[in-house]
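Counting convention: from 1, in listed order, for ligands and their atoms alike.
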Amino acid sequence: MGIAARPGPASGALNQPPPLAGYNLFTQNRPLAEGLEREGGGWAVEQATSFGGLLAGEPADWARLANENPPRLRTHDRFGNRIDEVEFHPAWHSLLRTSIEHGAHALSWREPRAGAQVARAVLFYLAAQTEAGHTCPLSMTHAAVPPLRGRPELAATWEPLLASSTYDPGLRAPSEKRGALCGMAMTEKQGGSDVRANLTSARAIGDGEYELTGHKWFCSAPMSDAFLVLAQADAGLSCFLLPRVLPDGTRNGLRIQRLKDKLGDRSNASSEIELESAWAQLVGEEGRGVATIIEMVNHTRLDCVLGTAAGMRASVEQATHHAAHRSAFGRLLVEQPLQQNVLADLCVES
Ligand SMILES: Cc1cc2nc3c(=O)[nH]c(=O)nc-3n(C[C@H](O)[C@H](O)[C@H](O)COP(=O)(O)OP(=O)(O)OC[C@H]3O[C@@H](n4cnc5c(N)ncnc54)[C@H](O)[C@@H]3O)c2cc1C
């Protein structure tokens with residue numbers, strides 16, 4: 001009766017690769033390193049080398065932890081006060097802090113010299129290769145700067161915070177912060193790509209200030225300090241800057257209804273929000289909302305391409321590493337002719 005216990009190793013799996021760690025994501029990616037030099041970002045090699053060396057260490061563990069412990073919405077505190085906050089695992093904060101300190105969100109604005117966009121793109125690519133979710137707030141924060149520059153008095157307050165190399169989480173008034181994040185809220189239930197169908201209304205209260213009332217169906221990184229928001233004003237769809245905390249330190253009228261249960265991007269929070277007479281300031285001209293926010297959208301969509309390329313690179317690294325250490329049918333996989341074809345194709349594609 002029963003199956004006799006078979007002898008085997010008490011611990012340690014046979015024919016499995018060692019962890020892929022302790023290498024430099026930048027210097028060992030020759031096309032990336034050559035591209036940085038070729039496209040005018042050679043002055044950032046040192047920064048990219050230091051970031052690339054760091055990322056294959058502890059941040060790889062943070063990436064796992066941030067995805068295994070997704071964010072949780074806390075609508076109220078224990079006393080019943082509405083707080084509308086999202087709690088993250090400490091690993092999420094470590095990822096954001098590290099990427100922000102290395103300029104993956106803002107090098108292009110902090111060092112506006114030839115090749116600055118290329119240099120920042122490389123840093124962003126390296127961050128995305130390590131963990132994709134946290135690049136959402138990195139990307140939106142980077143992308144918010146160009147449209148804000150259209151309103152110099154707003155840019156004067158916000159650009160130094162958005163471009164800061166200090167990660168300063170927590171909801172406080174801009175004057176109390178050393179660094180800030182920015183998101184964007186366009187999509188509504190009845191209109192995704194077609195934002196002209198937006199219903200959220202903007203009521204002018206004077207001096208370029210408005211009260212926004214309505215909802216947004218997809219608002220990522222809701223713990224950001226401010227959002228560029230589309231809403232219907234008298235002259236049509238317009239773009240507004242909406243801070244989460246008002247200058248006097250009280251919370252703005254933004255309520256987080258629930259978090260999305262997403263297939264991917266799980267470390268990052270995306271939310272459904274309601275706006276209740278939320279205070280906001282006009283960015284760009286009234287009625288020119290799409291033309292204004294498209295500058296931000298455009299930069300985030302470039303980052304979507306970078307993030308996708310980074311995901312392909314991460315997959316190639318995993319696949320080649322695995323094949324270099326795993327044997328099947330008497331040879332390492334990397335020595336099997338058909339496997340070589342597959343890996344070569346992946347390398348060329350990436
Ligand atoms: C992970 C994640 C995070 C997001 N974060 C944010 C955020 O922070 N802020 C925000 O505002 N939104 C956010 N979104 C929402 C995103 O902007 C919308 O999903 C997007 O605009 C598409 O809208 P929709 O999903 O309603 O699709 P729809 O607009 O309804 O489109 C449905 C399908 O039709 C196609 N389609 C649409 N128009 C056309 C056309 N003219 N011709 C041919 N095909 C067309 C689309 O490609 C799509 O396949 C997020 C979405 C995801 C998945």
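Looking only at protein heavy atoms, the nearest one to atom 5 (N) of ligand 1 is Ser220 OG, 2.7 Å. Scanning all protein heavy atoms for the shortest distance to atom 4 (C) of ligand 1 gives Phe218 CD2, 3.2 Å. Counting only heavy atoms of the protein, atom 16 (C) of ligand 1 lies nearest to Thr187 OG1, 3.7 Å. Counting only heavy atoms of the protein, atom 28 (P) of ligand 1 lies nearest to Ser193 OG, 3.7 Å.
Atom 52 (C) of ligand 1 is approached by the protein to below 4.0 angstrom, counting heavy atoms only. The nearest protein heavy atom to atom 25 (O) of ligand 1 is not closer than 4.0 Å. Per-atom contact check: atom 41 (N) of ligand 1 does not touch the protein, criterion being a heavy-atom distance below 4.0 Å. Within the 4.0 angstrom cut-off, atom 19 (O) of ligand 1 has no protein heavy-atom neighbours. Distance check on atom 1 (C) of ligand 1: some protein heavy atom falls below the 4.0 Å cut-off.
Thr213 and Glu276 share no donor-acceptor pair across their side chains, judged by distance under 3.5 Å alone. Under 3.5 Å, the side chains of Asn29 and Glu317 contain no donor-acceptor pair of N or O atoms.
Near Met184, the atoms of ligand 1 lying under 4.0 angstrom from a non-hydrogen atom of the residue are 7 (C), 8 (O), 9 (N), 10 (C), 11 (O). Residue-ligand proximity, Gly192 to ligand 1, at heavy-atom distances under 4.0 Å covers atoms 21 (O), 23 (O), 24 (P), 26 (O), 29 (O).
Annotation for Gln16: atom CD counts as buried by contact number, over 12 foreign heavy atoms lying within 6.0 Å.
Using a cut-off of 4.0 Å between Lys/Arg side-chain N and Asp/Glu carboxylate O, Asp84 and Arg255 are scored as salt-bridged. Checked for salt-bridge contact, Glu153 and Arg151 meet the test: a charged N lies under 4.0 Å from a carboxylate O.
In this structure, Phe88 and His93 have perpendicular ring planes: the angle between them is above 60°, well past the 30° mark.
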Show your reasoning for whether salt bridge (charged side-chain N to carboxylate O under 4.0 Å, His left out) applies to Lys216 and Glu272. CA-CA 6 Å; Lys216 293 292 166 185; Glu272 294 164 23; over 6 Å; no

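The distance criterion of under 3.5 Å between nitrogen or oxygen atoms is not met by Ala185 with respect to ligand 1. Ligand 1 has an N or O atom lying under 3.5 Å from an N or O atom of Met186, backbone or side chain.
You'll find the side chain of Glu87 stays beyond 4.5 Å of the side chain of Met223, heavy atoms only.
A donor-acceptor contact shorter than 3.5 Å links the side chain of Ser238 to the backbone of Gly236.
Within the 4.0 Å heavy-atom criterion, the part of Asp265 lying near ligand 1 is the side chain and not the backbone.
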